[in-house]
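Note that the structure is a prediction, hence the values are computed from the model and not measured. Just so it is clear, the values below take in all heavy atoms, side chains as well, and ignore hydrogens, waters and symmetry mates. Counting starts at 1 for both ligands and their atoms, following the listed order.
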Amino acid sequence: MNIVLLGPPGSGKGTQGQLLAERFDLVQLSTGDLFRQILQNPGHPLYDELQIVKEGKLVSDEVVNAVVEDAIKKLGNAKGIIFDGFPRTVAQAQALDKMLNSMNQKVDVVLDFNVTQDVLLQRLLGRRVCPNCKRVFHIKQGYVECPDCKVQLVTREDDNEEVIMKRFKEYNEKTAGVKEYYLDSDCAYINLTVDDADATPEEVHQQIISELAKRGLAR
Ligand code: ADP
């Protein structure tokens, strides 16, 4: 089962992707994580090109598609992939279809996270991540270090109000078309509305599982 997670920054794609990956034994592929990893290595051929990530702008389709194709190849025989943060443009969605097609696979499920901008902003401004395992936390949980890795949690460089606003703008301008693209396809399109700022990750996960179950895709 291949799943695309669609939703604005802070909507919970990363957190829910992790829970789904564990539950269904799938591999989570986060383009944001891949890019942040490259940005830690000044010798990487894409290092200069990826500097725009820090400004909240989208990376070019050409570069994103090449990075994703390479990552998929390296995965070998995964049971399925959860695409987190990809595709973000219609050209990327078309490229993904081609990549999966060549492996006799397709996008099976699209989970579209709908969250109001107020809630998103609250979440992003309080977000902390483990630099090691990439697990996501919120300051209200009170963790200083990752309970698994015992490494101090960090704030992402693009999680400040100015850059967050640019990321929302990019999402609204460029990713809206991706919804239409998948609504016109034969995948299971699941619209999730997460309007409770205090909903726990586990509650949202259960909401997703019950939607999948209605379509015979989970028990
Ligand atoms: P968020 O969804 O919270 O913005 P991500 O970790 O998914 O965070 O992405 C961080 C940044 O990486 C984006 O703001 C963008 O610059 C870049 N990026 C990630 N995925 C893509 C993509 N599919 N296309 C273009 N740029 C991307």
Atom 9 (O) of ligand 1: of K57, R88, K13, the nearest heavy atom sits on R88
Looking only at heavy atoms, the pair that brings I209 and L20 closest together is CD1-CD2, 4.2 Å
query = Does a side-chain N-to-carboxylate-O contact under 4.0 Å join D159 and R127?
reply = yes
For ligand 1 and G85, I'd like to know whether there is a polar contact (N/O to N/O, distance under 3.5 Å). yes
Short version for R127: what comes under 4.0 Å of ligand 1, heavy atoms counted, is side chain
of all protein heavy atoms, closest to atom 3 (O) of ligand 1 is R167 NH2, 2.8 Å
Numbered in order shown, the ligand 1 atoms found under 4.0 Å of a heavy atom of R36 are 6 (O), 10 (C)
- Query: Short N/O distance, under 3.5 Å, between D158 and ligand 1?
  - Reply: no
For G32, the ligand 1 atoms with a heavy-atom partner under 4.0 Å come out as 5 (P), 6 (O), 9 (O), 19 (C)
Inset, instruction - Look at K179 together with D112 and state whether they make a salt bridge at an N to O cut-off of under 4.0 Å. - result: yes
Quick one, V194 and S11 - any side-chain contact, counting heavy atoms below 4.5 Å?
no
Taking every heavy atom of P131 against every heavy atom of V151, the minimum-distance pair comes out as CG-CG1, 3.7 Å
* Is there a side-chain contact between R88 and T31, using heavy atoms and a 4.5 Å cut-off? -> yes
Is there a heavy atom of R123 sitting under 4.0 angstrom from any atom of ligand 1? no
Sub-6.0 Å ring centroid separation between Y143 and F137: yes
the protein heavy atom lying closest to atom 24 (N) of ligand 1 turns out to be Q92 NE2, 3.0 Å
among protein heavy atoms, the one nearest atom 27 (C) of ligand 1 is F35 CE1, 3.7 Å
Ion pair E211/K214, N-O distance below 4.0 Å: yes
| request: Flag the pair D70 and K73 as a salt bridge only when some basic side-chain nitrogen lies within less than 4.0 angstrom of an acidic carboxylate oxygen. | output: no
* Does an N or O anywhere in R156 fall below 3.5 Å from an N or O of ligand 1? -> yes
Atom 20 (N) of ligand 1: closest protein heavy atom, distance to 0.1 Å, is T31 OG1, 2.7 Å
For V59, is at least one N or O under 3.5 Å away from an N or O on ligand 1? yes
the protein heavy atom lying closest to atom 11 (C) of ligand 1 turns out to be V53 CG1, 3.8 Å
